[in-house]
Amino acid sequence: EFAAKTGATKEELDSFETVMDNIYENNFGDGMQDIAEVMAVVEQNIKDIDPSNLEEVSTNAILMRDTFGYETQEQIRAVKMLMDQFGLTSKEAFTLMAQGAQEGLDKNDDLLDTINEYSVHFKQLGYNADEMFNMLVNGAENGTFSVDKLGDAVKEFGIRVKDGTADDAFKDLGLNADALKDKFNAGGEAAKEASEEVMSAFLNMDSATEQYTLGVMMFGTMFEDLGVEAIGSLMDIQGEVSKTADTLDDINDIRYDDFETSLEGLGRQILIRFKEPFSESLDTANLKVKNLSSEIADGKLGKRICY
């Protein structure tokens, strides 16, 4: 099936089979068929991926699916977006997504869509991936019910900066609109500095009425939906989310923190070591191992033997 979906040559299949065996032996996936399907999705979305990276991405995709319920196709698209926009490794992308989910960013099932739709707009304003996730966390902590709205606010701000709609707001804030636009157009740190300059002046306004008016001029209807506190929090880049955190390892450790799972992992290792002599399929043998592990963990096997 993997060969059919990816067009892999007969010569390439040997290395892919090794990847599949490694993932299976490390106790990921529901069986060989499941692992092959995940690997195929990864290969289709991340072209020319080498076997070692294919193993890591597929393993993390299964880990994220089993932990947070993410469909493989959707999460790989989000991972690819983070890699393309911010130059991340796949592991860094998965790490940020896992931390975001743990922080409640996916409470409305829109985190992955938000990543896919709005990453480019955060980047255009000079923010990196860590900063984007911390901004979303900060905005969500102020009661925002949807991270999609937070991403949309950043998008709207970027559009209004570029098309000149926000120029009058900048002037009313006492800022040099032309100088700001030059910084925004330069991107990177210059664009981020411009955003911080605007937000500092905006959040320090004395008149709530004027502040509301300028907020709508800069963020459009998203400001009406979110309000000044959420917008102020959204534009705060400080936070604990980091692409270098050990989140994936921590989640994996928790997966093995029970007797039954450890037994199943041991059974898989035995199956892989002696898979050639088996007349039945590995998935059939795997089901027997899983059932046996469950019975041992529940104490049922001992009872059967006694009787």
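The first residue of the sequence shown is numbered 1, and numbering continues consecutively from there. Any value given below was found using the heavy atoms of this structure, including those in side chains, with hydrogens, waters and symmetry copies removed. In this text the structure is predicted, and so the values were computed from the model without any measurement.
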| Is a side-chain N or O of Ser195 found less than 3.5 angstrom from the main chain of Ala191, in a donor-acceptor match? | yes
| query | CG/Leu173 to CE/Met199 distance, rounded to the nearest 0.5 angstrom? | reply | 9.5 Å
| request: Check the hydrophobic clustering (I, L, V, M, F, W, Y; side-chain heavy atoms under 4.5 Å; chains of links allowed) and say if Leu203 and Val216 are grouped together. | output: yes
| message | Can you tell me how far apart CG (Leu63) and CD (Gln75) are? Round to the nearest 0.5 Å. | response | 9.0 Å
| field | Heavy-atom check, side chain of Phe133 versus side chain of Gln99, under 4.5 Å | value | no
| request: Take Gln73 and Asn45 through the test side-chain contact (heavy atoms from CB on, under 4.5 Å) and record every step on the way to the result. | output: CA-CA 8 Å; Gln73 180 72 42; Asn45 284 271; 3.2 Å; yes
| task | If a pair satisfies ring pair (Phe, Tyr, Trp, His ring centres under 6.0 Å) and one of its residues is in residues 39-87, list it, with sequence neighbours excluded. | result | Phe68-Tyr70
| request: Mind running side chain to side chain donor-acceptor pair (under 3.5 Å) on Glu37 and Gln33 for me, showing each step along the way? | output: CA-CA 6 Å; Glu37 290 175 356; Gln33 177 75 16; 3.2 Å; yes
| field | With Glu156 via salt bridge (charged side-chain N to carboxylate O under 4.0 Å, His left out) - residues at least two apart | value | Arg160
| request: Could I get the full list of salt bridge (charged side-chain N to carboxylate O under 4.0 Å, His left out) partners for Asp84, not counting sequence neighbours? | output: Lys80
| request: Give a yes-or-no answer on whether the side chains of Gln211 and Asp206 include a donor-acceptor pair shorter than 3.5 Å. | output: no
| field | Distance (rounded to the nearest 0.5 Å) between Asn60 CG and Ile251 CD1 | value | 9.0 Å
| task | Answer yes or no: is there a donor N or O on one side and an acceptor on the other, between the side chain of Asp106 and the main chain of Leu111, under 3.5 Å? | result | yes
| request: Starting from the C-alpha separation in whole Å, work towards a yes-or-no answer on side-chain contact (heavy atoms from CB on, under 4.5 Å) for Leu214 and Met205. | output: CA-CA 10 Å; Leu214 297 189; Met205 292 183 69; 3.7 Å; yes
| query | Going by heavy atoms in the side chains, are Tyr127 and Val154 under 4.5 Å from each other? | reply | no
| remark: Residues pairing under ring pair (Phe, Tyr, Trp, His ring centres under 6.0 Å) where one sits in residues 173-204, two or more places apart or in two chains, turn out to be Phe157-Phe184, Phe202-Phe223
| query | Shortest non-hydrogen contact from Met64 to Ala98? | reply | CE-N, 3.6 Å
| message | I'd like to check the side chain to side chain donor-acceptor pair (under 3.5 Å) partners of Glu74; sequence neighbours left out, ordered by chain and number. | response | Arg77
| request: With sequence neighbours left out, write down each residue that passes side-chain contact (heavy atoms from CB on, under 4.5 Å) with Gln124, or none if nothing qualifies. | output: Val120, His121, Lys162
| said: Just so I know, are the side chains of Leu88 and Leu96 near enough to count as touching, which here means a heavy-atom distance under 4.5 Å? | reply: yes
| said: For Val198 and Met218: C-alpha separation, side-chain torsions, deciding distance, then whether side-chain contact (heavy atoms from CB on, under 4.5 Å) applies. | reply: CA-CA 10 Å; Val198 170; Met218 292 189 293; 3.6 Å; yes
| query | Of all heavy-atom pairs between Ala36 and Met20, which one has the smallest distance, and what is that distance? | reply | CB-CE, 3.9 Å
| query | Could you give the distance from CG (Asn22) to OG (Ser58), rounded to the nearest 0.5 Å? | reply | 11.5 Å
| So which pairs with a foot in residues 179-192 pass salt bridge (charged side-chain N to carboxylate O under 4.0 Å, His left out), sequence neighbours left out? | Glu131-Lys192, Asp167-Lys181, Lys183-Glu197, Glu189-Lys192
| said: Are there over 12 heavy-atom neighbours, none belonging to Glu71, within less than 6.0 Å of that residue's CD? | reply: no
| query | Got Met83 and Thr89 here, is their nearest side-chain heavy-atom distance under 4.5 Å? | reply | no
| task | Compare all side-chain heavy atoms of Val79 with those of Leu82 and state whether any distance is below 4.5 angstrom. | result | no
| Which residue pairs satisfy the salt bridge (charged side-chain N to carboxylate O under 4.0 Å, His left out) criterion with at least one member in residues 58-70, sequence neighbours excluded? | Asp34-Arg65
Which atom pairs, one a donor and one an acceptor, fall under 3.5 Å between side chains of residues 145-153 and the rest of the protein, sequence neighbours left out?
residue : atom : partner : partner atom : Å
Ser146  : OG   : Asp110  : OD2          : 2.7
Ser146  : OG   : Asp148  : N            : 3.2
Asp148  : OD1  : Tyr118  : OH           : 3.2
Lys149  : NZ   : Asp225  : OD2          : 3.1

| remark: Taken to the nearest 0.5 Å, the spacing of Ile23 CD1 from Thr59 OG1 works out to 4.0 Å
Do any side-chain atoms of residues 227-239 form donor-acceptor pairs under 3.5 angstrom with protein atoms, and if so which ones, sequence neighbours left out?
residue : atom : partner : partner atom : Å
Ser233  : OG   : Asn142  : ND2          : 2.3
Ser233  : OG   : Glu229  : O            : 3.0
Asp236  : OD1  : Gln238  : N            : 3.0

| remark: When rounded to the nearest 0.5 Å, the distance separating CG of Asn26 from CG of Asp21 is 11.0 Å
| task | Could you walk me through whether Asn252 and Asp249 pass the side chain to side chain donor-acceptor pair (under 3.5 Å) test, one step at a time? | result | CA-CA 5 Å; Asn252 193 27; Asp249 292 335; 5.7 Å; no
| task | Start with the C-alpha distance between Phe28 and Val38, add both sets of side-chain angles, then the distance that settles side-chain contact (heavy atoms from CB on, under 4.5 Å), and finish with yes or no. | result | CA-CA 11 Å; Phe28 287 92; Val38 172; over 6 Å; no
| Nearest heavy-atom neighbours spanning Ala78 and Ile115 | O-CG2, 3.8 Å
Output side-chain donor-acceptor pairs under 3.5 Å for residues 240-248, partner residues at least two apart or in another chain, one line each.
residue : atom : partner : partner atom : Å
Ser242  : OG   : Thr244  : N            : 3.2
Ser242  : OG   : Thr244  : OG1          : 2.9

| query | Is there any salt bridge (charged side-chain N to carboxylate O under 4.0 Å, His left out) pair reaching into residues 87-103, and which pairs are they, with sequence neighbours excluded? | reply | none
